[in-house]
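Notes follow once the structure below has been shown.
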2 protein chains.
Amino acid sequence: MTLNRLINLMPKDPLDLPATASANHPYHHGNLRQALLNASMDIIRNQGIGGLSLRKLAEVVGVSRTAPYHHFKDKDALLAAVAAQGFAELSELLNEAILDEHLPLSDKLQQAVMGYLQFAIAHPTQYELMFGQMLWQDSKQTEFQRTAKDCFRLYVKIFESFEQHSQQSLNESPLRLAQVTWSTLHGLARLASDGIFAKKDDLDDIAKTVIKQIERSIESESE
Amino acid sequence: MTLNRLINLMPKDPLDLPATASANHPYHHGNLRQALLNASMDIIRNQGIGGLSLRKLAEVVGVSRTAPYHHFKDKDALLAAVAAQGFAELSELLNEAILDEHLPLSDKLQQAVMGYLQFAIAHPTQYELMFGQMLWQDSKQTEFQRTAKDCFRLYVKIFESFEQHSQQSLNESPLRLAQVTWSTLHGLARLASDGIFAKKDDLDDIAKTVIKQIERSIESESE
DNA sequence: CCTGCATTTTGACATTGTCAAGATAAGCCT
DNA sequence: AGGCTTATCTTGACAATGTCAAAATGCAGG
């Protein structure tokens, strides 16, 4: 299976740090912010975005209902932080592929594509949060939006590499290629994780088709 | 502007039927179900999905809080119905292009692509609802899911036409082509309506790139 | 006219997001 | 050390919401 590297991403031991602090709450939790983020991701993964309530979250972490408000302005800010952490992880994953100097370009592309899909499949609900309108329309979430755009720039970078290492110039700008590629990946991710219009088993095959299509767009076009 | 046909879809006079029944509520509203749907779409368009509360909705329509429960099992069922109506409209729009017999195939493709994007841009929040995990993971929303899949089949149909009218066989199956095409469109719609990773003005240009890419996938490939 | 059924209403309850005011502890300065 | 400041956490409270149960209302057919 091509997608089995997925196992590395999937479960993720829930909360580590000072444990759930169930018995021994020392008035000051010490690391509440991260504990809240971890627990949130856990809940979101298992119960969906709508399944996350600040009160239940607080209880899980072992603090009172309003404690989270000292670390996040409101629920939206918490969700934005969860989403931002998602983008950070995704960026890390993409960087692994891009920064590897002795890796052929075509392999980089393939890794970037498969890595993206693996992430989306491993964290379907978090992924939905990352691209939901809620956070993108909210003008207060600038931090989140910056993190996300940093992530996208990595895709542009890949196609810039293609431009530099290629003889003739590409028939589309790296930006355009990144935009179209990302669009396809995003749609594919939705297909894959929800099985909206396709069976999950088809994914590998569809992904291959997509990579072929992208390469066709890069390679010197007839004339 | 290529996307100005959008105006035909955009505003949509809010509630028509027996009006909002503000002054003259006759105990039996007569058409509550559709009035609820209309008002819901209105609210969702203006305030987002999260901005829809059953109680406010009921007040807008002029009935008591629990009246809607006799037409929709619960809030999810209402949202599913709104989403389903979205798919129905989208199908209608696509059918216009597909059923037009004396329209060149390439024009059909272009219309199907642009129509889809226009719809997504005209109804961004409803569109998000239509593809949110909430409704796709909920095993109770079978009616909604069927309507959605009917819509997708129209895309497969387009590529089947290509297969029939083409000399040599396509290098990908119509299903695969539809899946990849839809993926790209879905991602592009997200790009366009939220400006996530691109400016809205770029959309027309990106759309053209996409159409070119699709056509490259259809045309006889230099094997 | 009366009875059954669809439709709508009022009352009630638990859950939730969030604010305000107070409690607790940790760090710092002298 | 003691006291001040500040970050962190708690309890109390409130309004908004989804939804259930029971009652009210009106229509349609016998």
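Both backbone and side-chain heavy atoms feed into the values below; hydrogens, waters and symmetry mates do not. Chain A is the first sequence line, chain B the second, and so forth, proteins listed ahead of strands; every chain is numbered from 1.
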Report task. Select base, sugar-phosphate, or nothing to describe what Leu57(B) touches, counting heavy atoms under 4.0 Å on all strands. Result -> nothing
Report task. Evaluate the criterion ring pair (Phe, Tyr, Trp, His ring centres under 6.0 Å) for residue pair Tyr155(B) and Phe159(B); output intermediate values, then yes/no. Result -> CA-CA 7 Å; Tyr155(B) 268 98; Phe159(B) 291 106; 7.3 Å; no
Query - Residues in contact with DNA chain C, drawn from residues 73-83 of chain A - heavy-atom cutoff 4.0 Å - result: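 Heavy-atom contacts with DNA chain C come from Asp74(A), Lys75(A).
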Report task. State which residues pass side chain to side chain contact (heavy atoms under 4.5 Å, CB included) with Lys56(A); sequence neighbours excluded, sorted by chain then number. Result -> Ser53(A)
Query - Partners meeting side chain to side chain contact (heavy atoms under 4.5 Å, CB included) with Arg65(B) (sequence neighbours left out) - result: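 Side chain to side chain contact (heavy atoms under 4.5 Å, CB included) list for Arg65(B), sorted by chain: Arg55(B).
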For [X], what residues pass the salt bridge (Lys or Arg N to Asp or Glu O under 4.0 Å) criterion, not counting sequence neighbours?
| X | result |
| --- | --- |
| Asp100(A) | none |
| Glu143(A) | Arg146(A) |
| Glu172(A) | Lys212(B) |
| Asp205(A) | Arg176(B) |

Round to the nearest Å and state the distance from [X] atom [atom1] to [N] atom [atom2].
| X | N | atom1 | atom2 | value |
| --- | --- | --- | --- | --- |
| Phe72(B) | dG18(D) | CZ | P | 14 Å |
| Leu52(A) | dT18(C) | CG | C1' | 15 Å |
| Lys56(A) | dG17(C) | NZ | P | 9 Å |
| His70(A) | dT24(C) | NE2 | P | 15 Å |
| Glu59(B) | dT9(C) | CD | P | 12 Å |
| Arg33(A) | dA7(D) | CZ | P | 16 Å |

Requested in this report: Under the ring-ring contact (aromatic ring centres under 6.0 Å, His included) rule, collect the residues that match up with Phe144(B), sequence neighbours excluded.
Outcome: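 Applying ring-ring contact (aromatic ring centres under 6.0 Å, His included) to Phe144(B) gives Phe87(B), Trp136(B).
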**Report entry** Ionic contact status for Lys199(B) with Asp202(B), cut-off 4.0 Å
**Finding:**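 Result for this pair is no, no salt bridge flagged.
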Requested in this report: Please list, by residue number, the residues of residues 133-141 of chain A whose heavy atoms come closer than 4.0 Å to an atom of DNA chain D; answer none if no residue qualifies.
Outcome: none
**Report entry** From dT9(C), dT17(D), dT16(C), nucleotide with atom closest to Ser53(A) side chain
**Finding:** dT16(C)
Query raised in the report: Closer than 4.0 Å, any side-chain N/O of His71(A) to the OP1 or OP2 of dC9(D)?
Result: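 True: His71(A) side-chain N/O within range (under 4.0 Å) of dC9(D) OP1/OP2.
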**Report entry** Contacts of type side chain to side chain donor-acceptor pair (under 3.5 Å), residue Gln133(A), not counting sequence neighbours
**Finding:**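 By the side chain to side chain donor-acceptor pair (under 3.5 Å) rule, Gln133(A) matches Asp194(B).
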Query - Listed once per pair and sorted, the ring pair (Phe, Tyr, Trp, His ring centres under 6.0 Å) pairs that draw on residues 37-74 of chain A, sequence neighbours left out - result: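 For residues 37-74 of chain A: none.
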Under 3.5 Å, N/O pairs linking protein and nucleotides 11-15 of chain D:
{"residue": "dT11(D)", "atom": "O4", "partner": "Thr66(A)", "partner atom": "OG1", "Å": "2.9"}
{"residue": "dG12(D)", "atom": "N7", "partner": "Arg65(A)", "partner atom": "NH1", "Å": "3.2"}
{"residue": "dA13(D)", "atom": "N6", "partner": "Arg65(A)", "partner atom": "NH1", "Å": "3.4"}

